[in-house]
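Presented below is the structure to which this report refers.
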Amino acid sequence: MTATDPATLHTLLREKRPDVGGRPHRGADQSISIEAYVSPEEAEALERDGVTVRVLEDATATGRARQAEVGQGNRYAARGQVPRGLGLKLQD
């Protein structure tokens with residue numbers, strides 16, 4: 001999100017308390033920006049006079065896609081190996 005001045009951004013951050021990443025940085029036009037992790041609904045609610053919101057990435061969709069790449073089983077367990085440690089032995 002980008003605000004025209006620091007006071008506007010400070011007020012928005014204090015009121016809405018979004019999950020921000022990093023520190024604010026100034027643009028060439030003296031605007032001030034900060035990245036925030038918000039839902040699409042929250043992004044719409046952040047828009048106001050003097051503040052623009054630009055979607056950089058759908059982090060939720062990216063995270064789910066990466067999780068789908070991970071296998072479900074234990075690739076290090078040898079076939080027929082007896083489990084060790086704490087746990088319960090269940091009958092199927």
Side-chain angles (χ1 to χ4, degrees):
M1 70 185 92
T2 302
T4 54
D5 60 89
T8 302
L9 183 63
H10 185 267
T11 300
L12 177 69
L13 294 175
R14 190 177 59 240
E15 288 176 6
K16 299 294 184 178
R17 313 226 11 103
D19 182 10
V20 296
R23 294 178 174 234
H25 54 276
R26 285 205 181 268
D29 59 352
Q30 296 304 309
S31 62
I32 188 160
S33 300
I34 193 166
E35 292 183 9
Y37 303 99
V38 296
S39 69
E41 296 80 23
E42 291 171 318
E44 287 180 23
L46 292 173
E47 294 261 3
R48 59 171 68 179
D49 285 341
V51 178
T52 57
V53 176
R54 183 171 58 112
V55 176
L56 301 176
E57 176 184 22
D58 184 349
T60 301
T62 302
R64 286 189 179 131
R66 295 301 162 267
Q67 288 174 352
E69 297 172 359
V70 179
Q72 297 298 317
N74 183 351
R75 62 184 171 163
Y76 298 108
R79 290 185 188 257
Q81 179 181 1
V82 177
R84 305 235 189 269
L86 300 175
L88 298 173
K89 183 174 181 179
L90 303 175
Q91 296 289 334
D92 286 336

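Only a predicted model underlies this, so the values are computations on that prediction, with no experimental measurement involved. Quick note: residue numbers are just sequence positions, from 1.
A distance of 11.0 Å separates CD in E15 from NE2 in H10, rounded to the nearest 0.5 Å.
The number of heavy atoms from other shown groups lying within 6.0 Å of CD (E69) is above 12.
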>> Working note: K16 + L46, criterion side-chain contact (heavy atoms from CB on, under 4.5 Å); need CA distance, chi angles, decisive distance, verdict.
In response: CA-CA 8 Å; K16 299 294 184 178; L46 292 173; 3.6 Å; yes

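The side-chain contact (heavy atoms from CB on, under 4.5 Å) test with L9 singles out one residue from T2, T4, V51, I32, and that residue is I32.
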Could you go through residues 23-30 and list every donor-acceptor pair under 3.5 Å that involves a side-chain atom there, pairing it with any protein atom two or more places apart or in another chain?
from, atom 1, to, atom 2, distance (Å)
R26, NH1, Q30, O, 3.1
D29, OD1, S31, N, 3.1
D29, OD1, S31, OG, 2.7

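When the salt bridge (charged side-chain N to carboxylate O under 4.0 Å, His left out) test is applied to E57, no partner is found at least two apart in sequence or on another chain. Applying the salt bridge (charged side-chain N to carboxylate O under 4.0 Å, His left out) rule to E44 yields no partners; only residues at least two apart in sequence or on another chain are considered.
For the pair P18/M1, a side-chain contact is recorded, criterion being any heavy-atom separation below 4.5 Å from C-beta on.
Grouping the Ile, Leu, Val, Met, Phe, Trp and Tyr side chains by contacts below 4.5 angstrom, directly or via other members, places V20 with V53.
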